[in-house]
Amino acid sequence: MDFEFDEETATFANAVRRFAKDRLAPGALERAHDPSYPWDVAQEIAAQGLLGLTVPVEKGGQGARLLDAVVAVQEVAMSCPKSADIVQAGNFGAIRTFAEFATPDLLDGYLPDLLDGKALMGIGMTEPDAGSAVTELKTSAKEDGGGFVLNGTKVFSTNSADATVFLVYVRYGPGTDGIGSVVVERGTRGLTVGPPSQFMSGEVWCPLYFDGCRIPASNVVLGPGGFRKQMSGFNVERIGNAARALALGRHAFELAKAHAIERTQFGRPLCEFQGIQWKFADMALQLDGAQLLLYRAAAGADRGLPSAYDTSIAKLACNEAGFSVANESLQVMGALGFTRDTLVEYCLRRTRGWMIAGGSLEILRNRIAESVFDRRFDQRAGGQSGQVVGVTSQ
Amino acid sequence: MKIIVCVKHVPSGRSSVDPASKTLDRSGPAEMNRADRYAVEEALRIKESTSGSEVVAVSIGPAGAQETLRTALALGADRAILVTDPQVAGSDLVGTARILARALGRENPDLVLFGQQSGDGVGGVLWAAIADVLRLPFASQAAALTVTDQMVRVTRQTEVGDEDIEVPLPALVSVGDSINEPRYTSLKGVMGAKKKPLENVTLADLGIDTADAGQGGARTVVLAIGSPPSRAGGVRVEDEAEAARAIVEFLAERQLV
């Protein structure tokens, strides 16, 4: 067992770190407080080859491992937390599902601009009545005249304010097997991007209203029964979410550490107080423990086994560690940490959101418990529990 | 055109000198010398604009210096050579120049590029010493360079202004940090670097007698090392309505305003 990166990964991490320090650290605070999507930074990150890392070379990606994408998120986040959103959007979640399952024509039409940072894919999954119970989604796709007509509403969609194209989860028919996904371009007739709302994290989201929105059949990414195919995609996305959460915790930790060395009270630096030392020891314990779980999940996924248990426990640990460490870092920095003059409070707000998004801590615990007991616990009222059949909740 | 770029593996972050051996502690993490990144970038730009060119990265140091050579390969160099031998440790400037000159001479390069100076030794003259051994012309502090068939035109940055000179090839040039903006390593580059040749050569391979290398072959002796003197306390000006005047007088006395 080896806990070190191999030489290539270490070299790549150093290169991303250097790039991020030089190009992304300047302006990181202003970027964090600007809710708009930083297209200029996205194109610079794309030029550096940090988008589509795990997309196969023949599709225009880098053909790298998931671990490399995790490293990229971490290194970018250490210099500019907001810019890590771009790396996330370009490597995990919607783009990955799209790159894996879309037809060659769809890939040709959208992937080059997505990988160049000139386009952005949002995801339309959560609905007013389908959050953690994602398989209860209602947005319908009815076949009509060689195409499909969409009706329904999506909420809380990441990047919905800026996305140029959406991967929308739709229902072709009843049951889990009736769920699939389609591509809908922003501006398509029948799609209304609603008024913006803001999360506590500062991110802006817009409801997506589909009202007789007609799309060609060629926009189908996954037809009926496709939902089960992308279960492993959820696990991969959770790794990206976990990587960002932990990295922002570590970002806050480093700010607090520098503060504890520089700041003098009662005649000595903060780091010389035993109470402060214990805080840092506890934070280091949380960060390192979660980091190992994250690497295990990423390495497992790279071996073709994006295990629900490994990814759930990694996301749980990273979400909790990221938030807890950001919170404690803010405490160490006192009133300064509570201002918007440093990124600590930003890290706190962002890490709080990831305890909900991409699989809430409670759903993750349910998933872990299913693996512990090797049986499925149906959370539906009157539901049947039995053998593990796969992940059907978000 | 064959371009050699010399790169050094230097400690990253804060480095310290071992008081017993009076040599730099190289046990910690290390990376490519910052100034050498500009030389690598310039070599790659010449290669990209001159068909049939080859860039060879060369370093001298312990086995760990392979890491810096791999970085050069990942950036785009075609192959790399590391002069590594236990007897090299402790070589002084002249000894290092003699060894590197032999390694470079074997390759018959058209152009050899260096960073202006290393971040650890901060000598800034190794390229001149190598040029002397090889009896080749050199130009330092290049802010721009253009290669033609038989010449390299160099804009040198000097304290009194820019100086344009032409040097016949083969030649050595050390480049300054205003010459370009170095690229960053890409993942594709890192993966591609694995397949590129990296040759380790010893003093015996270069035909150098071990007695002429290392501390035994050094012509200089480090007598003592020490930290720079701590800064004086300075002058504190309390603001009692006269602070501005006091500061101006302080600066004026030193002819700073």
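The chains referred to below are lettered A, B, ... by the order of the sequence lines, with proteins before strands, and numbering in each begins at 1.
Of the two parts of B/Arg70, only the side chain, counted from C-beta on, holds a non-hydrogen atom closer than 4.5 Å to a non-hydrogen atom of chain A. For A/Leu50, no part sits under 4.5 Å from any heavy atom of chain B, backbone or side chain. Proximity to chain A (any heavy atom under 4.5 Å) is restricted, for B/Arg37, to the side chain, taken from C-beta onward.
Side-chain contact check for B/Tyr184 versus A/Asp22: some heavy-atom pair is nearer than 4.5 Å.
Residue A/Glu7 holds its CD atom at 7.5 Å from CD of B/Gln66, rounded to the nearest 0.5 Å. Atom OG1 of B/Thr71 sits about 7.5 Å away from atom CG of A/Asn14, to the nearest 0.5 Å. Note that CD of A/Gln48 and OG1 of B/Thr185 are 7.5 Å apart. Values are rounded to the nearest 0.5 Å. The structure places CG of B/Leu187 at 5.0 Å from CG of A/Asp68, a figure rounded to the nearest 0.5 Å.
Atom CD of A/Glu58 is surrounded by more than 12 heavy atoms from other residues, nucleotides or ligands within 6.0 Å. Counting non-hydrogen atoms of neighbouring residues, nucleotides and ligands closer than 6.0 angstrom, the NZ atom of A/Lys59 exceeds 12 such neighbours.
Ranking B/Glu181, B/Met191, B/Glu67 against chain A, the residue ahead of the rest is B/Glu181, based on heavy-atom pairs under 4.5 Å.
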